[in-house]
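All values derive from a computational prediction rather than experimental measurement. Heavy-atom basis, side chains included; hydrogens, waters and symmetry copies ignored. Each chain gets a letter, A, B and so on, in the order its sequence line appears, and its residues count up from 1.
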Protein chains: 4
Amino acid sequence: MCSRTRSRTRPGRPRSAEADTAILEATRAALVELGWSRLTMGDVATRAGVAKTTLYRRWNNKNELVVDAVAVLFDELRLPDLGSLQADIEDVVLQFAALLERPETKTALMAVVAESTRDEPLRERIRTSIVDRQKRLVLEGRQRAQERGELPEERDPATVEAVDDLIFDVVAGAVVHRALVSAEPVDQAWVQRLTALMLGGLTAAAEL
Amino acid sequence: MCSRTRSRTRPGRPRSAEADTAILEATRAALVELGWSRLTMGDVATRAGVAKTTLYRRWNNKNELVVDAVAVLFDELRLPDLGSLQADIEDVVLQFAALLERPETKTALMAVVAESTRDEPLRERIRTSIVDRQKRLVLEGRQRAQERGELPEERDPATVEAVDDLIFDVVAGAVVHRALVSAEPVDQAWVQRLTALMLGGLTAAAEL
Amino acid sequence: MCSRTRSRTRPGRPRSAEADTAILEATRAALVELGWSRLTMGDVATRAGVAKTTLYRRWNNKNELVVDAVAVLFDELRLPDLGSLQADIEDVVLQFAALLERPETKTALMAVVAESTRDEPLRERIRTSIVDRQKRLVLEGRQRAQERGELPEERDPATVEAVDDLIFDVVAGAVVHRALVSAEPVDQAWVQRLTALMLGGLTAAAEL
Amino acid sequence: MCSRTRSRTRPGRPRSAEADTAILEATRAALVELGWSRLTMGDVATRAGVAKTTLYRRWNNKNELVVDAVAVLFDELRLPDLGSLQADIEDVVLQFAALLERPETKTALMAVVAESTRDEPLRERIRTSIVDRQKRLVLEGRQRAQERGELPEERDPATVEAVDDLIFDVVAGAVVHRALVSAEPVDQAWVQRLTALMLGGLTAAAEL
DNA sequence: TACTAAACGAGACGGTACGTCCCGTCTTCGG
DNA sequence: CCGAAGACGGGACGTACCGTCTCGTTTAGTA
């Protein structure tokens, strides 16, 4: 009945919380300096002042470690309230672009996604640690826009979710593609065009 | 007669053309079976019935080899003429999605893009071998739509190019993101929504 | 009354005697199954149902543990009284050979001796736990033979000790070398030859 | 018919002979400094200016490497001709004792013998590389002694071999046991006693 | 009966070496 | 000069144990 039942305190020496944070910080530092492919577990361990075994006790491989190390950066994204949906979106897209410019994300993100095509647990970890967590931005933005009357209310919840997902893929995908594949700057002008295209599409679709 | 002749037929044994195609095929086969990260140069050489030296004589490293092996697949994309822009786009997007579903592209594409963030020559090779070659689809589609009157004529060439680039990043980015990051199916329904969003946005923008 | 009492019964929980015997038994079992080099402290601890800490509280390292685990086996050697020195020696040599055939001694003995060449405390432990304890057999045998008149009395105690030591090294060394280095069977015929050689040499020497 | 049939010249780059000798020398140096148990493959490779893989390409493990490194030292043993069998034996036993005192053999020999109890290929390697090669000393000694008339001729070849083997085990075993187990000096006095014991035994046995 | 102090199990820790895999280069021979 | 074969120096991998440590939990004798 009381909560003491489940795994009160595990026997043995508890894991060091300091080690966790030191490792994640070291991983980000190594990503900045070396990039994904030159990052090694041994180097991360040395930077963190930790034994290699301590890394492997917590993460099965380099990919999962890097996902966790990078995931936290995405939580910094904030949807501002600048008065209009267009402005809010432009701001958060620029935040996202700035994040993708950081060397620790730029190289790591694509690499783990590439690996995830062959690694189901990794894909799941990416989804829960990064993707799903950032969908909140789309959800928030749409809800606020509807309250403001900038977007029409859509009743069918399945349609709502489908549109949210579409927006997420379009915005995130376009920014990533622009930044990493096309290797062109994600500047204010481009962001304005992207946002206009998308909002135009949304309202046009709603009027049908 | 002049000294240029030596470049016409160099002395010694000429390079085997068969080796080239065997290597690229072997690379694709290895990608299918092993994925990017487990693919090794030695394995490709063995599959191709070729010595490792022969690989390195033609490509500097694994990344460039894989780009060349995969690039040719993208040339299969064709913009059909189904009568309406909407239908044409939906068709080519589905072709692109099918291409991304193939294991040899799925795993390789993101990986080389990831590497390219730290490797300028590789980025250049990706751009010329893959990216720029596929922009033709956007160009073709827009021109044909304008001829049909489905899209308004835009006079300023800089704007034209900017919009073409935007469309390319949006469509390619969205599909890639949907397929590889969100790991959701790129099915007819989703493609219709994407196309509608985009065309809606384009016409809305043009009316301003 | 005086402060020496604290050494009689130390405060705190006393060490478990069961643990001691369980550990030594587990060590022998592990030697049988795995041999010296694959035996690990963690494995012994698990077999004994004991924590690794408990091992290290009692023995400084693997070598000392193994010496203690094996030493007790040597105490089983008994010099029988079969009526003649030749017969007595043959019997005890065969006992010794049988002991060396057991997998827990075969693999462990040479290994700890090898380690002892670089580890003075270990050498001392081997000497006191094994070597010196078995010299009793030579001493007993010689004394009994002299009482029986099978060997002449030697007066000089230094010579006596030197000869005892020589016999010990010759017999033990020959058996070990035959069994482990030459890897030939220590059978009745060989033991007879060895014993005859030695007794012949001893009487020949005494006649000089 | 011609000798070219068997493996004339294998394809590919041939193995470096310099690497072989450098590795064996480095192994002996490491044995001197570190002893058997602290010797590591990586360290040997570094000393030899060679990659670890080069070691593993030639030897399966540390044990086999050490056997080969040490074996050559035993070939230095020479049976001198000092006029009498007793003197010859004493001399070669002292050579053997001196060899066993060298740090590279002292620690390594027992260790590989210990390992060989669980490793049949290793035992075979020890036998062919070391043991059988040194039996020549016994053979030579006996033959010369018979020519000189110091030992009676024995006709039965099986008996001859059995006695040769016995002598080998007795002498080698006694010296090793004295030096490494008893850890007492193998000095002139002790060697004289050992030789006398053995020769006495041999002649006594022959007279029966 | 409670206190105290050591022993206990469990298991995380920093560290070292392992033996393997692959890299990209080189050295040989034969075509 | 090309190509196969394969050895080379190098570097990272992920694993296995080492011997130590830090927990919370017994288990005595003592107060």
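In terms of modelled atom types and a separation under 3.5 Å, the side chain of T128(D) and the main chain of R125(D) share a donor-acceptor contact. Listed for the R57(C) side chain is no donor-acceptor partner under 3.5 Å among the backbone atoms of R15(C).
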Set out, in order, the CA-CA distance, both residues' side-chain angles and the distance that settles salt bridge (Lys or Arg N to Asp or Glu O under 4.0 Å) for R123(D) and E115(D), then state yes or no.
CA-CA 8 Å; R123(D) 177 155 51 239; E115(D) 291 297 306; over 6 Å; no
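Side-chain atoms of A51(C) lie closest to dG9(E) of the nucleotides dC8(E), dG9(E), dA7(F). The side chain of N61(B) approaches dG24(E) more closely than any other nucleotide in the set dC8(E), dC8(F), dG24(E). If you check dC18(E), dA12(E), dG24(E) against the side chain of M41(B), the one that comes closest is dG24(E).
With W36(D) as the aromatic partner, K62(D) meets the cation-pi criteria of under 6.0 angstrom to the ring centre and within 45 degrees of the ring axis.
Distance CD (E115(A)) to P (dC13(F)): 13 Å, rounded to an integer number of Å. Atom CG in D43(D) sits roughly 8 Å away from atom P in dA17(E) (whole-Å rounding). In this structure, CH2 of W36(B) is placed 13 Å from C1' of dC22(E), rounded to the nearest angstrom. At whole-Å resolution of the value, CG in L39(D) and P in dT16(E) are 17 Å apart. When rounded to the nearest whole Å, the span between CD of E18(B) and C1' of dA4(F) equals 15 Å. dC22(E) atom P lies 10 Å from atom CG of L34(B), rounded to whole Å. Following rounding to the nearest Å, L55(B) (CG) and dG24(E) (P) show an atom-to-atom distance of 10 Å. One atom, NZ of K62(D), and another, C1' of dT16(E), lie 12 Å apart when rounded to the nearest Å.
Contact of T53(C) with dA10(E) (side chain to base): a donor-acceptor pair of N or O atoms is detected under 3.5 Å. Taking only distance into account, the side chain of K52(C) never meets the base of dG11(E) through a donor-acceptor pair shorter than 3.5 Å.
The 5' end of DNA chain F is approached more closely, in terms of each residue's nearest nucleotide, by A19(D) than by the other of A19(D) and Y56(C). Ranked by how close their nearest DNA chain E nucleotide is to the 5' end, G42(D) and S16(A) are led by S16(A).
Using a 4.0 Å cut-off between charged nitrogen and carboxylate oxygen, R58(C) and D68(C) do not count as a salt-bridge pair. E25(C) has no carboxylate O lying under 4.0 Å from a charged side-chain N of R28(C), or vice versa, which leaves the two without a salt bridge.
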Between the protein and nucleotides 23-26 of chain F, which nitrogen or oxygen pairs come in under 3.5 angstrom?
from	atom 1	to	atom 2	distance (Å)
dT26(F)	O2	R13(C)	NH1	2.7

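For the pair R58(A) and dC13(E), the criterion of a side-chain N or O lying under 4.0 Å from OP1 or OP2 is met. Under 4.0 angstrom from either OP1 or OP2 of dG6(F) there lies no side-chain N or O belonging to R15(D). Look at T54(A) and you'll find a side-chain N or O under 4.0 angstrom from OP1 or OP2 of dG14(E).
E18(D) meets the salt bridge (Lys or Arg N to Asp or Glu O under 4.0 Å) test with no other residue; sequence neighbours excluded. With sequence neighbours excluded, no residue satisfies side chain to side chain donor-acceptor pair (under 3.5 Å) with D119(D).
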